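Take a look at the structure below.
This is a predicted model, so every value here is computed, not measured.
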Amino acid sequence: MDTSSTSTYTAKLIDGPLEGKTVATAFLDSGDPRPRLELNVEQGKHYVYGRGAGLEFAADDDDRPTAVEYRFLETVFE
């Protein structure tokens, strides 16, 4: 499978209040995974996750990951 044209990847939330959940996420325009995710969980509250070190690829020659780990940073109340 050629992932060079894939526009999304799986964000794996490895800790925090959403530990074990996954979210489909779009790559940046540059083709890189997002450095941060802000996930709305209820009105007036969202969780911020930062990119971790873990990357998964469908094949050895893929240039874009199919999954990226994210770690919990903070809860923001509006």
Measuring from Tyr9:OH to Thr22:OG1, what's the distance to the nearest 0.5 Å?
12.5 Å
Using side-chain heavy atoms (C-beta onward) and a distance below 4.5 Å, is [X] in contact with [Y]?
X	Y	answer
Val68	Lys12	no
Leu39	His46	no
Ser7	Phe27	no
Val41	Pro17	no
Leu18	Tyr47	yes
Thr25	Leu37	yes

Do [X] and [Y] land in one hydrophobic cluster if side-chain heavy atoms of ILVMFWY residues count as linked below 4.5 Å?
X	Y	value
Phe72	Val23	yes
Val76	Tyr49	no
Leu73	Leu13	no

Hey, does the side chain of [X] reach the backbone of [Y] with a donor-acceptor pair shorter than 3.5 angstrom?
X	Y	answer
Thr66	Glu56	yes
Asp62	Phe57	no
Tyr70	Arg34	yes

Step by step, would you call Val48 with Thr75 a side-chain contact (heavy atoms from CB on, under 4.5 Å)?
CA-CA 6 Å; Val48 179; Thr75 301; over 6 Å; no
Flag if over 12 foreign heavy atoms under 6.0 Å of CD, Gln43:
no
Salt bridge (Lys or Arg N to Asp or Glu O under 4.0 Å) between Lys21 and Glu19, worked out
CA-CA 6 Å; Lys21 304 285 185 194; Glu19 180 177 0; over 6 Å; no
